[in-house]
Amino acid sequence: MPVQESVIIDGSFGEGGGQIVRSSLALSLVTRRPVVINNIRAGRPKPGLRHQHLAAIKAAAEVCGGVVQGAAVGSRSICFDPGTTIGRHYDFDVGTAGSTTLVLQSVLPALVLAEDPSTLVLRGGTHNPWAPPFDFLAKTYLPLLNRMGPDVSATLEEYGFYPAGGGRFRVSVRPAAKLSGFDLLERGRPRFEQVRAIVSRLPRQIAEREIRTVRAELAWPQSAGVVEEVAGHGPGNVVMIEYATQASSEIFAGFGRLRVRAEDVAREAVRQLREYMAADVPVGPFLADQLLLLLGISAWQKGNRERQCGGSFRTLPLTRHATTHVEILRQFLNIDVEVTESAATGTCTVQVRPGVQL
Ligand code: AMP
């Protein structure tokens, strides 16, 4: 076999965070191209790899029997040489309260394209700030991934909050040979709205105050609010607003933390929902970021008459995360990503298509 040239990624580029590492791993697995990532998280207060990035690197190496150099806490550079991704059972333990959904992001695109089905158990944090909460994975991300051909389901078994962790969820993956693209341009009519506030080993009234705040801010009826008391490994609190339309189901979260009032945590989630509703787009900022990877892979795989490859969506102005993501995609995949901003509506349309044949 010819030796493949490595893709060289500058980890300090753009947003310069952990997502550059995770998306590069995901794309290396899918394309089977080795990758070298330098200057990892160079601009962050604690630069280099943290524990949770290592968990993603180890998971990526395990699913494909890949070879990694430089995988250590604090390391600012890694080389990753992937093998073929194998579908089977995997058990990934982040080992701390680090986010399990972020670990899954690195390996799922390759597992949905593997030859055999997989089952996974992921252990660690399930509802972490700065990461997709489990509910976003299950209700927002997976239904759209499943529209592309695979059949992936996820079941939460235990909540894991920072700092105790100890959460757990299971995933089952029936792969597809290729990912079909789609267009998500209109939001359509609302289908469902609900706010859930969850407390683990904390007073129930925290969740009740969050629900009261969200309902008052949005003038939602009592029936739209749900309080859940769970017994996780440690204390934790999250409030999640679900807003489903004909196009998609979005989840906006506020994470409880010390010295922040429950009312303010709830208002953080309300603010995100309001921005999304005002823009009248089907895709929120986090989903936009994550759809780019899936549509990019779909466009790269090319289509035939039965399968659309790539696609488009309308969203809010792209975050720095998302624009960085576009650059990473361009470095791995021969695709064309076009972002058209509309100043009049404060929205943008993203089109992801196969690149011109070289
Ligand atoms: P990074 O900050 O580089 O570690 O990447 C964070 C990842 O988590 C990105 O893919 C974000 O889209 C995603 N993310 C962060 N917060 C949320 C949230 N509240 N809901 C959904 N996804 C999120």
Side-chain angles (χ1 to χ4, degrees), residues 4-5 7 9 19 22-33 35 63-64 82 84-85 87 104-118 137 140-152 173-188 246-248 281-284 286-315 318 321-341 347-358:
Q4 286 239 52
E5 215 178 293
V7 180
I9 298 289
Q19 190 185 35
R22 286 188 304 273
S23 290
S24 299
L25 291 170
L27 288 163
S28 169
L29 287 175
V30 167
T31 59
R32 293 194 57 190
R33 288 182 67 184
V35 62
V63 297
C64 70
T84 306
T85 300
L104 185 67
Q105 266 187 5
S106 313
V107 295
L108 192 56
L111 289 173
V112 298
L113 295 170
E115 236 164 68
D116 294 307
S118 298
L137 170 78
T140 307
Y141 183 80
L142 292 185
L144 289 170
L145 175 58
N146 289 344
R147 254 175 88 166
M148 303 178 88
D151 185 4
V152 184
V173 180
R174 188 164 54 74
K178 296 209 166 185
L179 294 185
S180 305
F182 54 74
D183 300 303
L184 217 48
L185 296 170
E186 299 303 329
R187 183 189 278 174
Q246 286 170 309
S248 61
V281 290
V283 173
F286 297 120
L287 181 58
D289 188 29
Q290 296 166 41
L291 277 187
L292 278 166
L293 184 69
L294 298 180
L295 289 177
I297 294 170
S298 166
W300 168 74
Q301 287 186 308
K302 309 229 169 52
N304 55 32
R305 238 174 278 148
E306 285 85 53
R307 191 182 73 86
Q308 174 178 345
C309 48
S312 58
F313 58 86
R314 231 158 47 78
T315 185
L318 290 191
H321 243 112
T323 51
T324 306
H325 213 168
V326 170
E327 288 314 314
I328 303 291
L329 290 169
R330 285 186 175 134
Q331 292 192 50
F332 275 92
L333 310 172
N334 177 23
I335 57 168
D336 184 22
V337 184
E338 197 180 307
V339 180
T340 316
E341 304 244 357
T347 64
C348 94
T349 304
V350 180
Q351 287 185 295
V352 186
R353 302 191 207 89
V356 181
Q357 277 298 326
L358 298 175

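Just so we're clear, the structure is a prediction, and the values are computed from it rather than from any experiment.
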Mind listing the closest non-hydrogen atom pair of S24 and F332 along with its distance?
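Answer, listing the atom of S24 first, then F332: O-CZ, 3.6 Å.
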Could you grab the distance from atom CD1 of I335 to atom CG of L292, nearest 0.5 Å is fine?
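Between I335 CD1 and L292 CG, I get 8.5 Å after rounding to 0.5 Å.
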So, do D336 and V356 sit near enough that their side-chain heavy atoms are less than 4.5 Å apart?
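With C-beta onward as the side chain, the pair stays apart.
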Within this structure, what is the CZ-CG distance for the pair F182 and L295, rounded to the nearest 0.5 Å?
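F182 CZ to L295 CG: 5.0 Å, rounded to 0.5 Å.
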Contact check, side chains of L287 and L144, non-hydrogen atoms, under 4.5 Å
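In contact.
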Could you walk me through whether T31 and W300 pass side chain to side chain contact (heavy atoms under 4.5 Å, CB included), step by step?
CA-CA 9 Å; T31 59; W300 168 74; 3.7 Å; yes
Any side-chain heavy-atom pair from L113 and P175 closer than 4.5 angstrom?
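They are not in side-chain contact.
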Partner residues of E338 under the salt bridge (Lys or Arg N to Asp or Glu O under 4.0 Å) criterion, sequence neighbours left out:
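Testing E338 for salt bridge (Lys or Arg N to Asp or Glu O under 4.0 Å), a comparison that skips the adjacent residues, returns R353.
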Distance-only, no hydrogens or angles: does the Q301 side chain make a donor-acceptor pair with backbone N or O of L179 under 3.5 Å?
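Indeed, once roles are kept as given, a pair shorter than 3.5 Å links the two residues.
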Taking all heavy atoms of S118 and all of G87, pick out the closest pair and write down the distance.
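Answer, listing the atom of S118 first, then G87: OG-CA, 3.2 Å.
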Not counting sequence neighbours, which residues clear salt bridge (Lys or Arg N to Asp or Glu O under 4.0 Å) with D151? List them please.
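Residues passing salt bridge (Lys or Arg N to Asp or Glu O under 4.0 Å) with D151: R174.
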So if I apply the side-chain contact (heavy atoms from CB on, under 4.5 Å) rule between V30 and each of L293, I297, V112, which one comes out positive?
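The residue from L293, I297, V112 that satisfies side-chain contact (heavy atoms from CB on, under 4.5 Å) with V30 turns out to be I297.
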Just do the side chain to side chain contact (heavy atoms under 4.5 Å, CB included) check on D183 and Q308 with the steps written out, would you?
CA-CA 10 Å; D183 300 303; Q308 174 178 345; 3.3 Å; yes
Spatial distance of atom OG1 (T315) from atom CG (L185) [nearest 0.5 Å]:
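Reported to 0.5 Å precision, the distance equals 11.5 Å.
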